[in-house]
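Being a predicted model, the structure only gives us computed values, none of them experimental. A, B, ... follow the sequence lines: proteins, then strands. Residue 1 opens every chain. Every heavy atom of this structure was used, including side-chain atoms; hydrogens, water molecules and symmetry mates were not.
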Amino acid sequence: MRRYDASEIEPKWVAAWDAEGRFRASEDPGDTRPKFYALDMFPYPSGDLHMGHAEAFSGGDAVARFKAMQGHNVLHPIGWDAFGLPAENAAIKRGIAPAEWTYANIEQQAASFKRMGMSFDWSRQLNTCDPSYYRWTQWLFTKFFERGLAYRKKSAVNWCPNDATVLANEQVKQGACERCGAVVERRDLTQWFLRITDYTQRLLDDEAELIDWPERVLTMQRNWIGRSQGAEVTFAIKETGEEIPVFTTRPDTLWGVTFFVFSVEHPAVRRLAELGGTWDEVSVLVDQARATSLNSREAADTKEGVFLGVHAVNPVSGEEIPCYAAPYVLMEYGTGAIMAVPGHDERDFAFARTHEVPVRVVIQPRDADPLDGDTMTEAFAGEGVMVNSGHFDGQETPASIAAVVEWLEAEGRGEGTVNYRLRDWLISRQRYWGPPIPIIHCPACGEVAVPESDLPVELPADVDFQPGGDSPLARHPSWKRVTCPTCGGEAERDTDTMDTFVDSSWYYLRYCSPGYLDGPFDPAAVAAWMPVGQYTGGVEHAILHLLYSRFVTKVLYDMGMVPFTEPFPRVMNQGQVIYGGASMSKSKGNIVEPMPIVQRWGADSVRLIMLFAGPFEDDIDWKLIAGEDPDRRPGVHSWLSRVFTAVGDAVERGDAPEPDALVRLTNRTIKGVTEDLERFRFNTAISKLQVLTNETRAALDGGAGARSAARSLTLMLAPFAPFIAEELWRVDLGEPGSVADGPWPEFDPALVVEDTVQLIVQVDGRVRDRIEVAATISEADALAAAKASENARRAVDGREVVKEIVRAPKLVNLVTRG
RNA sequence: GCGAGAGUGGCGGAAUCUGGCAGACGCGCUGGGUUUAGGUCCCAGUGCCCGCAAGGGCGUGGGGGUUCAAAUCCCCCCUCUCGCACCA
């Protein structure tokens, strides 16, 4: 009798699959199988695989293998999101080149993925830091540039004085540098942006095409885009006559405006303050804002602010109101100035009470006592009836808002408009390890895109990339000196590089034709494989990566390069792997790594631990599911041992007849596991396979045969534990070919039902008896059987049965009275 | 504060979509067996309470409702997690 030994089985099949060139997607035009694109978010190659990879890729691989066994031509690629700051930092720390560090990690992660038996098409491997890839990242940038979708402008950015580099918004936590903890400053730098704001409404409208996205991800994207419907209204400054527009979602409260507030960064503030004689005071606020990071300003005090000494004129009432500058008004949203309605806005209310500005009620709640501006203790932001608003008095929200907008437009005093929270995508980085921005700055011609024939603009290797306050590429003595492609005069390359999110915004397209030389992708291949059938990855990419990819796809659609507008109609997020309720981290010393467990117990066990722990999208607390002893044998490993011996025994038993109950259970299991896999409910699928294993063993123990049950079990195990399945399939069952090719087992509908079932007998809703009856029992017979039950009779206890609920063959409920 | 999701044994979870045996499956634990240095392996038990048992009572965060019947549907409340958070 052979014993289950993963360390013997698994390396053997790793080598065999490699030698067989298995898991290659077919490009044979004669291959009529339906295509399925199973995509996993490509990993960032820092160090070896971590538990999060093991979780995500176990799920993604189960889907890919399931689809392949069902007869799909599956594209399941892998690649490396290889550019980025961590590589640069690691390289600085170790005194080696970022490329060296990155390629070493790629090698290690690739070896680990192979050891785990991931069914990747290795022939399509791509790497964003390879010139053959980033050539096309740069090409796409030039296309965006040509279409006016890439542009440069001066902008306030986060700056870490310690690391001497700009930081992405995501790298700033509570106003401090995520890595070194230094307080982040603001700097005004000229930056490259992609005009995602041109696509805002389409990003919202095309939500209908996102057939199967987690609800919370959709919500997060919607909130991030932040659509607000309202009106733009123009106030005039009394002292200068200049016109300042504001955005409001509540034009119906225009008659309640009692003051006007500028962002401290508003360009008119200094001039107006000097005119009003308040600049000494205002400049303190301005300096304060400059010293604070963009992110920490979120916490600015609502009540802080300074009177500018000038006044604004309310366009609907002609009333003159004081103007303030206050940090609670954001320059980045709307117009950078607001009309303040303290009666109906919480923030304006707090400001008004502090600065003793009058509060005026112009909306009265419908079913409550009338409010009084002098005595109210909080703003009323709800719906109600307009008052003190001229001829609009008596109109009710929300209809009143539309009515006011209509009137404003007719009067030429404002217009209905929509505002979004979403800003353009800042992609330039003053870092080394990214694709250089393919632009040449010519004194005569301005910004000129590098011609396609000159791409890629390669990243020079001989660069001092120590952080120093400017782009490392700018420090290179010769790299930036070029001639202008347009006029031939002396010119300079742009020395910034692109954000890694640009690299990852189109990699899924490149997979379809990874060696393609005439463009970023072969349009025919993309049309054949895309959109992605199932996209698996972490919820941390719910907003940025997924939103950017959707944007890029829409631009490519507009360019006529792809025939679809959404790249990922179906997305699933794996949960996080945590330890003791907290995320794993070096500083906490609680990191558990998958590869040592693979070595100890096998890749099949690691995959099963992950997928059996609970729903795929739920977090896994390693401490709870695995305990604290790293040597403790995982439960799934014991199960695999039992599967191994059961299948072996079943083969030895040959064609001995199988019990009818086992045949039915096998059919039911096929149905259930198939349905579970279609909905990515791996944990319940595995549980069903364990039940089938237990019953198979029981049949064998009883002297019966179980060969067909064992065969189905082996097939269904393959998406989760591909190694043991392959071993049992090819060696024990002696089947020709790989279990990875299936076929996925089918069930006989006639055999998914039991021939006998337990009839539940209830009296007044309480279970009193369980009777074994034929599954086909009639309602009358079921009722009779229930009434014959001794237990039920005792429970009725002479009372009158007033109602008989019969749901044959499952249940009878006798309802009594008295 | 706003939005989303979730509360079930000692633990992970199942049953929730479609109202009908709550606790599948697994971990852990208890007892027994084989082997024995231990682990492995095999068998039995394991929601709580009463009971030798048969059986009975209670039980899915709390309260109310609908129903013959509620973990499941509806209303209110509590708690937790996640996301967003001066967005005018």
Applying a 3.5 Å limit to both distances, which nucleotide forms a Watson-Crick or G-U wobble pair with B:rA4?
B:rU81
With both distances kept under 3.5 Å, what pairs with B:rC41, Watson-Crick or G-U wobble?
B:rG33
Ignoring hydrogens and angles, answer whether the base of B:rC84 and the side-chain atoms of A:N223 contain a donor-acceptor pair closer than 3.5 Å.
no
Taking only side-chain nitrogens and oxygens of A:R681, does any of them come within less than 4.0 Å of OP1 or OP2 of B:rA15?
yes
Kindly indicate whether the side chain of A:H637, heavy atoms from C-beta on, has any atom under 4.5 Å from the side chain of A:Y4.
yes
Answer with base, sugar-phosphate or nothing: what part of the nucleic acid does A:N683 contact at a heavy-atom distance below 4.0 Å?
sugar-phosphate
Can you tell me if A:S641 touches the phosphate of B:rU40, counting only side-chain N or O atoms and a distance under 4.0 Å to OP1 or OP2?
no
Determine the contact category for A:R222: base if any of its heavy atoms lies under 4.0 Å from a base atom, sugar-phosphate if only primed atoms, P, OP1 or OP2 are that close, otherwise nothing.
nothing
Contact nearer the 5' end of RNA chain B, comparing A:R770 with A:I338:
A:R770
Checking base pairs now: Watson-Crick or wobble, both atom distances under 3.5 Å. What partners B:rC58?
B:rG47
Hits for salt bridge (charged side-chain N to carboxylate O under 4.0 Å, His left out) against A:D345, two or more places apart or cross-chain, chain-then-number order -> A:R347
Considering only the C1' atoms, how many Å lie between B:rA6 and B:rG61, rounded to the nearest integer?
11 Å
Any base atoms under 4.0 Å from A:R679, or only sugar-phosphate, or nothing? Heavy atoms, all strands.
base
Looking at every strand, decide which applies to A:S638 at a 4.0 Å heavy-atom threshold: base, sugar-phosphate, or nothing.
sugar-phosphate
So what does A:R697 hit on the nucleic acid, given a heavy-atom distance under 4.0 Å: a base, only sugar-phosphate, or nothing?
sugar-phosphate
Look at all strands and tell whether A:E346 reaches a base, only sugar-phosphate, or nothing, counting heavy atoms closer than 4.0 Å.
nothing
Closest nucleotide among B:rC21, B:rA15, B:rA88 to the A:F247 side chain:
B:rA88
Give me the one residue out of A:T669, A:T693, A:D676 that meets side-chain hydrogen bond (donor to acceptor under 3.5 Å, both in side chains) with A:K688.
A:D676
With a 4.0 Å cut-off on heavy atoms, is A:G635 in touch with a base, just the backbone sugar-phosphate, or nothing at all?
sugar-phosphate
May I ask which nucleotide in the shown strands pairs with B:rC11, Watson-Crick or G-U wobble, both distances under 3.5 Å?
B:rG26
Could you give the distance from CZ (A:R222) to CD1 (A:I543), rounded to the nearest 0.5 Å?
12.5 Å
For A:R216, salt bridge (charged side-chain N to carboxylate O under 4.0 Å, His left out) partners two or more places apart:
none
Within the structure shown, what part of the strands sits under 4.0 Å from A:Q762 by heavy-atom distance: base, sugar-phosphate, or nothing?
base
Any donor-acceptor pair under 3.5 Å joining the side chain of A:R216 to the base of B:rG83?
no
To the nearest 0.5 Å, what is the distance between CE (A:M610) and CE (A:M51)?
4.5 Å
Please work out if A:P634 contacts a base, only the sugar-phosphate, or nothing of the nucleic acid, heavy-atom cut-off 4.0 Å.
nothing
Using a heavy-atom cut-off of 4.0 Å across all strands, would you classify A:N419 as base, sugar-phosphate, or nothing?
nothing
A:R766 side chain N/O closer than 4.0 Å to the phosphate oxygens (OP1, OP2) of B:rC68?
no
Closest nucleotide of RNA chain B for A:Y420 versus for A:I805: which of these residues is on the 5' side?
A:I805
Determine the contact category for A:I625: base if any of its heavy atoms lies under 4.0 Å from a base atom, sugar-phosphate if only primed atoms, P, OP1 or OP2 are that close, otherwise nothing.
sugar-phosphate
Counting only side-chain nitrogens and oxygens, does A:R633 get under 4.0 Å of the OP1 or OP2 atom of B:rG26?
no
